Every structure is written in C-alpha cells, then in structure tokens.
Amino acid sequence: CQNHEMKPERLNLYGIDPKNIEVTSYTKEDFEGKFVAHVATIARTTVPESGTRYLSQAQRAAMDILKEMTANDSWRAFRMLCMLADAAWSCTRTSGVSVIEQEAARIVAEAVPSDSLSNETMLMGILYVLCRFVDNNSTDVKSNVTDESKHFDRLLVVLERGFRAVFALDTASLPDNVPSVVDLFWKNVMSATSFSLKYLRDENVSVDNFFSAFLVDTMEMCIAYLPKRFSGDFGRDLAEGAMIAIDVARKIAEKKRSKAAAVRIFRSCLFGLSKIDVNSPSLR
C-alpha cells in the first residue's frame, strides 16, 4: 500500500498473554489484521462439493495470499495458517482431517525452515499448534490411525523449528522475569509429551510404528533445548515414561512381538532424565 498500511506489525512478546491473542482481534487502523480475518473467512466458507480431494478456487487463492504474507514475516498470517490446519496438529488422529486443514499444515511445514520467519512469529504459531496437539488428544483418542508418516513428519518439522525459536528467545538478553509467553511454550510441550507417554498404555496402540519414533524424536529435542527451570517437572515426566515403557515392553514380549520400539522409548527417557536431573531419586 502507498503508506505501508499492510506492513506486518512487529510483535512484542513481553508482558502479553498469548492465550488472549487472536488473529481476528484488531484495531480500527489494523488493516493487516482485518485483511487476514477476511481471507480466513473465505478459506473456511467457500467449501467445494462434498467428497472432493481438492480446494475450491477461492480457497486456493486465500491460501496463496496467507502463504505470501507469511513469507514476509506476518505473524498474523502465520498464526492463521496454523489455526486453519487445526485437527492436522493431532498426533493421534489423522483421520477426519479436512482438505483445507491438510493444505494449511503443508504450507506451515514448508514455511518454517525459511529464514524469513522471525523467532517471535514462529513462537506465536507453535503455541497454537501445541494447544491443538493437547486439546485434540486429551478428549478423543483414536488409536487406530497413528501410522501415517507424512503426518508426523510435518509435526516434527514444525516442532523442531519451534524449539530453536524459543531457545533463541530464551537465551537472549531478557529481563529477570522471563516472559510468560516463553514459559507457556514449555508447559505445553511438557503436557503434550506427558500425554503421549501415557497414551502408550492404550492396548490398541501399536508401539512399533511412526508414533513411537515421533515420540522419541520429540523427547530428544525437548531434552536438548529444555531450560534448567523446568528440569524438575520434565524429569518427573521422563521417570514416569520410563516405567510405562518397561510395562509396555513386558506386555509386548508376552505376545511374542518385538519390543525394540518400547526399549528405545525407555532408553530415551532414562538418558534424558540422567542429563537434566542426574540427582533424581528415580534413577536409583
């Protein structure tokens, strides 16, 4: 625009409550926020005929607009793409994901490796991903559809970039009181990991699948980037996870099946616990 009315707003993370930040909330002068809200409405409402595997022309145009805005580091557009993906961020539910959700998740996964996204923009998107990860998995677990590698590959790409972004923000020159928005990220990560470990107890879950590999990769990333202030809480989750993995391995062995995946989860929990909390009573 002539006076740069659509220039992405620089996000200030300090002193904000990310749970109350919505892309659709904007001021009278916030042309970018209004535009993103209108584009998202088009993407959601111009649905093609039932059963089709493709987006409508209007949906495709809307997604292309959000993609281009994200490439210019628009945190509002990026977060909106994460919101449009919605059910695609569940680690235990890959069925029932709409075409628009799959496409939005694909665009997000392709965008996150780019250097054009600032750490602040990445954080605002990953917070929504983690919230949906937990919400989608805490109420309706569908354990018979956890073997789609493409689904987990996208989740891992987004999570890995999110870890790096938060680590960079957390190790920067910050005030003594660490911003609550960064702490919320770690709390959501630990909640998601804890749920995933407990989910292994479901007898319908095949441990030797993409889900177990995804879980191990996620734990290893968390261990690598975890701030010391959360080592105690996450250490307890890892200790519980190790005991769950042992129990699962025993049950698998009784059924004459390979317990390699369960053993790998146990080793990851044990290694992580010894790294972040070597004095943990659970190690004894």
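Everything numeric in this text was worked out from a predicted model, so none of it was measured. What's counted below: heavy atoms across the whole structure, side chains too, no hydrogens, waters or symmetry copies.
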Any heavy-atom pair between the side chains of [Y] and [X] that's under 4.5 Å?
| X | Y | answer |
| --- | --- | --- |
| N119 | V166 | no |
| I244 | F266 | no |
| R76 | F35 | no |
| I100 | M63 | yes |
| E220 | Y225 | no |
| K259 | V248 | no |
| D183 | F230 | yes |

*V47-I42 co-clustered via ILVMFWY side chain contacts under 4.5 Å*: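 Not linked; separate clusters.
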_Let me check something: do I246 and V263 share a hydrophobic cluster, defined by ILVMFWY side-chain heavy atoms less than 4.5 Å apart, either directly or through other members?_
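In one cluster: no.
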*Do R164 and E160 meet the salt-bridge criterion of a basic N to acidic O distance under 4.0 Å?*
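Counted as a salt bridge, because a side-chain N and a carboxylate O are separated by less than 4.0 Å.
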_Please determine whether a side-chain nitrogen of the Lys or Arg among R106 and E110 lies less than 4.0 Å from a carboxylate oxygen of the Asp or Glu._
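Counted as a salt bridge, because a side-chain N and a carboxylate O are separated by less than 4.0 Å.
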_Would you say T121 and D73 are linked by a side-chain donor-acceptor pair, where the criterion is simply a distance under 3.5 Å?_
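Checked: D73/T121 side chains pair up, N/O donor to acceptor below 3.5 Å.
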*Would you name the heavy atoms of V112 and L117 that are closest together and state the gap between them?*
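The pair with the smallest heavy-atom distance is CA-CD1, 3.9 Å.
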If only atom types and distance count, is the side chain of [X] paired as donor or acceptor with the main-chain N or O of [Y] below 3.5 Å?
| X | Y | answer |
| --- | --- | --- |
| S116 | N72 | no |
| E103 | L55 | no |
| Q59 | A43 | yes |
| S196 | A192 | yes |
| S191 | N188 | no |

*R267: salt bridge (Lys or Arg N to Asp or Glu O under 4.0 Å) partners, not counting sequence neighbours*: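 R267 satisfies salt bridge (Lys or Arg N to Asp or Glu O under 4.0 Å) with no residue once adjacent residues are dropped.
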*What distance do I223 atom CD1 and F271 atom CZ have between them, rounded to the nearest 0.5 Å?*
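That separation rounds to 6.5 Å.
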